[in-house]
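Shown next, in structure tokens, is the structure this report addresses.
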Amino acid sequence: MAEINVECINPFLMAATSIMKDACQTEMKIGKPYVKTTEFEQDSVIIMIGVTGEMRGQVIIALGYEKALEIASKMMMGMPVNELDEMATSAISELGNMIMGNAATILSTKGIGIDITPPTLCRGAMKISQSYTKNICIPLSTEGDITMELDIAVKSEE
């Protein structure tokens, strides 16, 4: 299994914190990265986006259901969101697009060209397996409360 280059992770973290600040008015603190199996609890909301080009793999943005509702509300200018309906799902998916588009731009300034796939939104308990690289999990929090995690399983094409 290939090792992930730490330089590949930072653009995703920079993008996530920047987009959360701009789109959701939420300051995020980056937790300690660790290797984990890609497993999620019953109340999970997952945004999965594939990466192709000079890096390959996927990035998963995982939120608890209540946090997803909260973030969808902020994405929709404070409109109350009580369920993950079509509009809220669209807002959460767009958050994934914004983060990954921003990461692609940051990577391009480093001479790394990537393309991203449209987001896939999943809910509930699940386990995702990949054999090509390790999954690096980075928790992102606000005031000590874990808000989301980024699961990054990408490798450079060499």
Side-chain angles (χ1 to χ4, degrees), residues 4 8-52 55-107 114-130 132-155:
I4 190 167
C8 296
I9 294 175
N10 287 336
F12 297 103
L13 297 176
M14 291 167 56
T17 55
S18 172
I19 294 301
M20 287 299 291
K21 182 177 181 179
D22 293 346
C24 300
Q25 298 76 48
T26 303
E27 290 282 341
M28 304 298 291
K29 290 187 177 22
I30 299 170
K32 184 176 166 77
Y34 62 98
V35 176
K36 92 169 228 202
T37 58
T38 317
E39 293 185 57
F40 302 100
E41 303 292 325
Q42 185 61 40
D43 76 332
S44 297
V45 176
I46 312 299
I47 310 160
M48 190 169 13
I49 299 177
V51 177
T52 63
M55 292 170 71
R56 297 179 70 83
Q58 86 246 348
V59 174
I60 295 172
I61 301 164
L63 309 158
Y65 186 80
E66 293 301 320
K67 285 293 177 187
L69 296 178
E70 202 176 295
I71 289 171
S73 175
K74 289 181 179 187
M75 296 276 303
M76 295 189 294
M77 305 303 172
M79 189 171 96
V81 175
N82 300 316
E83 65 175 315
L84 231 90
D85 58 13
E86 193 173 327
M87 190 142 179
T89 298
S90 177
I92 293 294
S93 295
E94 185 55 28
L95 176 72
N97 270 336
M98 292 166 68
I99 290 171
M100 293 299 290
N102 193 299
T105 300
I106 294 167
L107 285 163
I114 67 165
D115 289 312
I116 60 172
T117 64
T120 299
L121 193 118
C122 308
R123 289 180 49 194
M126 70 185 77
K127 180 176 181 176
I128 301 167
S129 299
Q130 67 268 351
Y132 53 92
T133 190
K134 292 180 180 174
N135 178 64
I136 307 297
C137 175
I138 302 102
L140 300 172
S141 62
T142 56
E143 298 158 16
D145 180 28
I146 301 268
T147 300
M148 71 170 57
E149 72 177 43
L150 287 182
D151 284 17
I152 302 171
V154 295
K155 69 176 185 173

Could you tell me the separation between the CG atom of D151 and the CD atom of Q58, rounded to the nearest 0.5 Å?
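Going from the CG atom of D151 to the CD atom of Q58 covers 8.5 Å.
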How many angstroms lie between atom CD1 of I61 and atom CD1 of I99, to the nearest 0.5 angstrom?
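Reported to 0.5 Å precision, the distance equals 4.0 Å.
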So which atom in [X] and which in [Y] form the shortest heavy-atom distance, rounded to 0.1 Å?
{"X": "A103", "Y": "F12", "answer": "CB-CD2, 3.6 Å"}
{"X": "I92", "Y": "A68", "answer": "CD1-O, 3.3 Å"}
{"X": "G101", "Y": "I116", "answer": "N-CD1, 3.9 Å"}
{"X": "I138", "Y": "G31", "answer": "CG2-O, 3.8 Å"}

Which residues share a side-chain contact (heavy atoms from CB on, under 4.5 Å) with R123, sequence neighbours left out
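side-chain contact (heavy atoms from CB on, under 4.5 Å) list for R123, sorted by chain: V45, Y65, L84, L121.
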So which pairs with a foot in residues 78-95 pass salt bridge (charged side-chain N to carboxylate O under 4.0 Å, His left out), sequence neighbours left out?
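As it turns out, there is no salt bridge (charged side-chain N to carboxylate O under 4.0 Å, His left out) pair with a partner in residues 78-95 once direct neighbours are skipped.
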Which residue pairs pass the salt bridge (charged side-chain N to carboxylate O under 4.0 Å, His left out) test when at least one of the two sits in residues 41-51, sequence neighbours left out?
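For residues 41-51, and leaving out neighbouring residues, there are no salt bridge (charged side-chain N to carboxylate O under 4.0 Å, His left out) pairs at all.
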With sequence neighbours excluded, what pairs up with N102 under the side-chain hydrogen bond (donor to acceptor under 3.5 Å, both in side chains) test?
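By the side-chain hydrogen bond (donor to acceptor under 3.5 Å, both in side chains) rule, N102 matches no residue at all.
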side-chain hydrogen bond (donor to acceptor under 3.5 Å, both in side chains) against T52, all qualifying residues, sequence neighbours excluded
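Per chain and number, T52 pairs via side-chain hydrogen bond (donor to acceptor under 3.5 Å, both in side chains) with no residue.
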Residues 70-78 side chain polar contacts: donor-acceptor under 3.5 Å, at least two apart:
unit_1: S73; atom_1: OG; unit_2: M79; atom_2: O; d: 2.8
unit_1: K74; atom_1: NZ; unit_2: T26; atom_2: OG1; d: 3.2

